[in-house]
Amino acid sequence: MYRRAPRLPPGPSGCAWPNINPRTGLATDYLNHFNEAVMLLEMVPDMPECAEDFLTWSPLSYAEHFTASNFKARDLAIEAYEKADPNVRAQFDHITDTMTSILTAVGSAMREVEKDTTRVRLAEQATLWVKPLIAACGGIINGGAEADVDTIMAN
């Protein structure tokens, strides 16, 4: 049985809350956590010393991200996530868990290597994997089709 996302109370000025999809109950703001990591990785090829900045990134769950954020509707975002359709949330969580695994593994590998050229290759490969996964998450948040992580990872 399809569970509809919780009905969100009106936001400021009586409008819908920005960045929380009323159909899925998921918020795009969480993707900023992963976009930040990608932005840092994309800097590594031109400035290898930026690998150190990437190494300060740490994984956060959906709830942890919003709890630590200044997002005005953070409590509502967490509640809507918890009440979202379990199938939609499972797809979303599978992809965010995959991104977290990739970024954590790349961070571990970067800590163990000494050559900038190796760090550059790690950063480039991680970016190629994570960017399409972020897009796939955006699709899920906005009620789009299910993403095939295996197909994305094969590229």
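The figures that follow rest on heavy atoms only: side chains count, while hydrogens, waters and symmetry mates do not.
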Participant: Classify the side-chain pair N32/H65 by whether it contains a donor and acceptor separated by less than 3.5 Å.
Facilitator: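 Their side chains do not contain a donor-acceptor pair, so the 3.5 Å distance test is not met.
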
Participant: Nearest 0.5 Å please: distance from the NZ atom of K131 over to the CG atom of L41.
Facilitator: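 It comes to 10.5 Å.
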
Participant: For M99 and C137: C-alpha separation, side-chain torsions, deciding distance, then whether side-chain contact (heavy atoms from CB on, under 4.5 Å) applies.
Facilitator: CA-CA 10 Å; M99 290 191 292; C137 272; 3.8 Å; yes

Participant: When clusters are formed by joining ILVMFWY residues with side-chain heavy atoms under 4.5 Å apart, either directly or through shared neighbours, do V44 and I102 land in the same one?
Facilitator: no

Participant: Distance check, rounded to the nearest 0.5 Å: T24 atom OG1 versus Q91 atom CD?
Facilitator: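 The distance works out to 11.0 Å.
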
Participant: OG1/T67 to CZ/R74 distance, rounded to the nearest 0.5 angstrom?
Facilitator: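 Taking OG1 in T67 and CZ in R74, the distance rounds to 7.0 Å.
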
Participant: Establish whether V120 and M39 are linked, either directly or via other cluster members, by ILVMFWY side-chain heavy-atom contacts under 4.5 Å.
Facilitator: no

Participant: Rounded to the nearest 0.5 Å, what's the gap from CG on L133 to CG on D97? Could you check?
Facilitator: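 The distance works out to 11.5 Å.
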
Participant: Tell me the closest heavy-atom pair linking A77 and A27, and the distance in Å.
Facilitator: CB-CB, 4.4 Å

Participant: Consider only side-chain heavy atoms of I, L, V, M, F, W and Y, link residues closer than 4.5 Å, and tell whether I95 and V106 are in one cluster.
Facilitator: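 Hydrophobic grouping puts I95 with V106.
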
Participant: So F92 and Y30, would you call those rings parallel, tilted or perpendicular, with 30° and 60° as cut-offs?
Facilitator: tilted

Participant: Donor-acceptor pair, distance only, cut-off 3.5 Å: does the side chain of T100 make one with the backbone of P59?
Facilitator: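 A pair under 3.5 Å: no.
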
Participant: Taking all non-hydrogen atoms of both residues into account, name the closest pair between C50 and M43 and its distance.
Facilitator: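 Answer, listing the atom of C50 first, then M43: SG-CE, 3.5 Å.
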
Participant: By the side chain to side chain donor-acceptor pair (under 3.5 Å) test, which pairs, at least two apart or in different chains, include something from residues 45-59?
Facilitator: E52-R119

Participant: Taking N21 for its side chain and I141 for its backbone only, find out whether a donor-acceptor pair lies under 3.5 Å.
Facilitator: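 The answer is yes, because a donor-acceptor pair under 3.5 Å joins these two groups.
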
Participant: Do any N or O atoms from the side chain of E64 and from the backbone of S61 form a donor-acceptor pair under 3.5 angstrom?
Facilitator: yes

Participant: Rounded to the nearest 0.5 Å, how far does NZ of K72 lie from CD1 of I20?
Facilitator: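 I20 CD1 to K72 NZ: 13.0 Å, rounded to 0.5 Å.
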
Participant: T96 versus F34: any side-chain heavy-atom pair under 4.5 Å?
Facilitator: yes

Participant: What's the verdict on side chain to side chain donor-acceptor pair (under 3.5 Å) for D29 and Y62, showing C-alpha distance, side-chain angles and the deciding distance?
Facilitator: CA-CA 10 Å; D29 190 77; Y62 193 90; over 6 Å; no

Participant: To the nearest 0.5 Å, what is the distance between CG on L122 and NZ on K115?
Facilitator: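 Reported value, rounded in 0.5 Å steps: 13.0 Å.
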
Participant: Please lay out, stage by stage, how F54 and L103 fare under the test side-chain contact (heavy atoms from CB on, under 4.5 Å).
Facilitator: CA-CA 9 Å; F54 167 72; L103 295 169; 4.0 Å; yes

Participant: Show which residues join L60 in its hydrophobic cluster (side-chain heavy-atom contacts under 4.5 Å, direct or indirect), or state none.
Facilitator: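 Taking Ile, Leu, Val, Met, Phe, Trp and Tyr as members, L60 stands alone, with no cluster partners.
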
